Asks: 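Take a look at the following structure, please.
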Protein chains: 2
Amino acid sequence: MEKTLRLKTAEIEKISHLDYFNIAISVDCVIFCYHEKKLKVLLIKSDLEEFEGLYSLLGDLIRPDEDLETASYRILKDRTGMDDVYLEQVQAFGSINRHPSGRVITIAYYSLIDIKHHKLQLSHHDLHWQPVNEIKKMAFDHKLILETCLARLQQQVMDYPIVFNLLPEKFSLRQLQELYEAILGFELDRRNFRKKISIKDWLVDIEEMENDVPHRPGKLYKLKPEFKKKGLKKKSISGKQQAVS
Amino acid sequence: MEKTLRLKTAEIEKISHLDYFNIAISVDCVIFCYHEKKLKVLLIKSDLEEFEGLYSLLGDLIRPDEDLETASYRILKDRTGMDDVYLEQVQAFGSINRHPSGRVITIAYYSLIDIKHHKLQLSHHDLHWQPVNEIKKMAFDHKLILETCLARLQQQVMDYPIVFNLLPEKFSLRQLQELYEAILGFELDRRNFRKKISIKDWLVDIEEMENDVPHRPGKLYKLKPEFKKKGLKKKSISGKQQAVS
DNA sequence: AATAAATATGTACCTACAACACATTAAAAT
DNA sequence: ATTTTAATGTGTTGTAGGTACATATTTATT
C-alpha cells in the first residue's frame, strides 16, 4: 500500500483515469440450492459471443458505494429475492485474460439458499439451476471458481452448521444425510453419520414424525435456534485459545 | 458478471472513466519471518497524515499487466529481494472507507521468508520487523488483515509443511517446536509435538548433531526435498476423494 | 565425580472414526 | 389378519490420534 499511502485525494483524482484504474472489480456468486436430491447452482446464459451457449455465474461490478458483502447480497437479492442467507467469501480471481473484454478482477462468494423460499423469474432471464456434477464447460474461468467454492463448502460442511438453509424447517436425519451426500459427492454410512451429527449438538428433536413417506417414518429435527442464519464460528486450534495482541 | 458479460470492448472503453472504474485494487502482503524466537511481520511507516506514527503492511496497486500472484511476488521481491518463498492468498478486504484517500479494495496475501537470506534496506525505507504480539494499532484496516492472515497461518501450520522457510536448512526439533509455539501463541508439549511431527513424515534425520548449544546437543533434521518451496497439498475430505464433474 | 539441563523415548487414557450387525417399526402386499 | 418389505434406530469392535504425564540418557558445567 505504500504508493497508495502517499496519495492525497487530489493526486488520486489526477491518476484516476490512468491505467491503474482501468481494472474493474466484480463479485461472482456461486449460489447453491438443493433440489431433487441434487446440489445445484444458479447460472445465467452468457450472451458474450466468445462464450455462446455457455453459462456463467451470477455477478456484477462492485459499485463505489457498496462494500464486498453488500454487493454479493445485492446480486443475491436481485436474482433470488432473498437476502437472509448464508454467504461467505472464498477467493479473488485475477488472471489477466480471464475476461475477454478487459481486465476484471473478481471476488468469489458462495451462498446456500432454500429453493422453496424464493421466486425466480427463471423464464425471463435465462436463469437456470444446474446440477453441479453435470456442469462441463462454463464461460470465463467460472468452472474454476465453481470448483474452488464447492471445495470450500465441502471443507466446511462437517465442521459448521451452515447447510440448514437448504432444508425445510423440519427435517429427518435421512434428508440431512442425503443433502450431505449431494454436497460431498459420495455416500456416507448411515450409522456413523447420525453419530457424528448427534455429537455436534446442532439439532433439537421436536418429537414429531414424518408423515408423507411410504415407509416407516423417521423422527423430525430442527436446527437449534442459536445456529440459525449465519452460524460460522471459528474452531479453536488444538483446543486452546490463540492470542494475537 | 451479467453486466460485464454484456460489455463489448468498445463499451468497456466508454464507461472506463466512470464511477465503476474509480475503484483501485491493491495487494497487501503479510510477510512473516522468525527471528529471536518471535514471529515478526515486515511493516513500513505510514506517511499518510491520518496515520501518523502508525505502521502498515507492504502493498501496492495491481498493475494492468500482472495477475494477483505476480503483484504479490513483485512486492516481496522489491522489499526483501526474495521471490522463492511460500505465498498464499487469504482474503479480499473492501470496506468503503478503509482507505482515507479513495476507494481501494485490497487482496491480502501472507508469506513466510527466512530473514537470513534477504537484504533489507531497513535503514532507508522505514521498514521494520515487528513482533506480531507487540502490535497494537496499525494504519488502515491492516490490523484486521494481519489477524486474519495470522489465523490462516495458524490453521494451516499443523497440516501442511509450510513453515520450513523460516528455519535454517538444518534444524533441531527444539528449534522447530519453538517456531510452532511462536506461530500458535501457546506452548506445546515436547513429547507430543515430536510424535505429531514424526507421524507427518516431513523430515529426514541427517545424522548430525547440534554443536553450538550449551547443553546436550540434539539431532539435526532437514525437510524432505519433495516438500521444499511451495508444498501445499489439499487434504482429502473424510479420507475419500471428492468429485465435481 | 557430582550436578544441572536438555534430549530421547514410552505408557495410559480418552476420543474420534470406520466398518459392520441386529432389532424395531410402519406401510404395503398377500 | 398375517406376512413381507424397507426403512428407522441403536449397538459393538478395532484402529488411529490426541493429551497428559514419567523416566532414562546424554552432554556441559560445577
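Just so it is clear, the model here is predicted, and its values are computed rather than measured. Below, chains carry the letters A, B, ... as their sequence lines are ordered, and counting in each starts from 1.
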Asks: Nearest whole Å is fine: how far is C:dT7 P from B:Asp212 CG?
Replies: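 Taking CG of B:Asp212 and P of C:dT7, I get 13 Å after rounding.
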
Asks: What is the separation between atom CG on A:Asp189 and atom P on D:dT10, rounded to the nearest whole Å?
Replies: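 Rounding to the nearest Å, CG of A:Asp189 and P of D:dT10 are 15 Å apart.
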
Asks: With a 3.5 Å cut-off and heavy atoms only, can you find an N or O donor on one side and an acceptor on the other between the side chain of B:Arg216 and the base of D:dT25?
Replies: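 Looking at the base of D:dT25, it does pair with a donor or acceptor on the side chain of B:Arg216 (distance under 3.5 Å).
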
Asks: Whole-Å distance between D:dT10 P and A:Asn192 CG?
Replies: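 Going from CG in A:Asn192 over to P in D:dT10 covers 15 Å.
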
Asks: Going by the side chain to side chain donor-acceptor pair (under 3.5 Å) test, name the single residue among A:Glu88, A:Gln89, A:Arg152, A:Gln156 that passes it with A:Tyr110.
Replies: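 Answer to the side chain to side chain donor-acceptor pair (under 3.5 Å) test with A:Tyr110 among A:Glu88, A:Gln89, A:Arg152, A:Gln156: A:Gln156.
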
Asks: Can you work out whether B:Ser172 or A:Pro214 has the more 5'-proximal nearest nucleotide on DNA chain C?
Replies: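 Nearest-nucleotide comparison on DNA chain C picks B:Ser172.
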
Asks: Please give, in whole Å, the distance from D:dA20 C1' to B:Lys196 NZ?
Replies: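 Whole-Å distance recorded here is 13 Å.
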
Asks: Would you call B:Glu134-B:Lys38 a salt bridge at under 4.0 Å N-O?
Replies: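 So B:Glu134 pairs with B:Lys38 through a salt bridge.
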
Asks: Between C:dT9, D:dT8, C:dC20, which nucleotide has the shortest distance from any of its atoms to the side chain of A:Arg190?
Replies: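 So the nucleotide nearest the side chain must be D:dT8.
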
Asks: Rounding to a whole Å, what distance do you find between A:Lys195:NZ and C:dT15:P?
Replies: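 Rounding to the nearest Å, NZ of A:Lys195 and P of C:dT15 are 15 Å apart.
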
Asks: Examine C:dA8: is either OP1 or OP2 under 4.0 Å from a nitrogen or oxygen in the side chain of B:Arg194? Give yes or no.
Replies: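 For C:dA8, OP1 or OP2 has a side-chain N or O of B:Arg194 closer than 4.0 Å.
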
Asks: Just the rounded figure in Å: distance from P of D:dG17 to CE of B:Met158.
Replies: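 After rounding, the gap between these two atoms is 15 Å.
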
Asks: In this structure, how many angstroms lie between the P atom of C:dT15 and the NZ atom of A:Lys200, rounded?
Replies: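 It works out to 16 Å between those atoms.
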
Asks: For B:Asp28 and B:Thr106, test the side chains for any donor-to-acceptor distance below 3.5 angstrom and give the result as yes or no.
Replies: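 Side chains of B:Asp28 and B:Thr106: pair found under 3.5 Å.
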
Asks: Do B:Arg191 side-chain and D:dA20 base share a donor-acceptor contact under 3.5 Å?
Replies: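 Side chain to base: no pair below 3.5 Å.
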
Asks: Answer yes or no: are there more than 12 heavy-atom neighbours, outside A:Lys222 itself, under 6.0 Å from its atom NZ?
Replies: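 Not buried by this count: 12 neighbours or fewer within 6.0 Å.
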
Asks: Rounded to the nearest Å, what distance is computed from the CZ atom of residue A:Arg174 to the C1' atom of nucleotide D:dG9?
Replies: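 Computing the A:Arg174:CZ to D:dG9:C1' distance gives 13 Å.
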
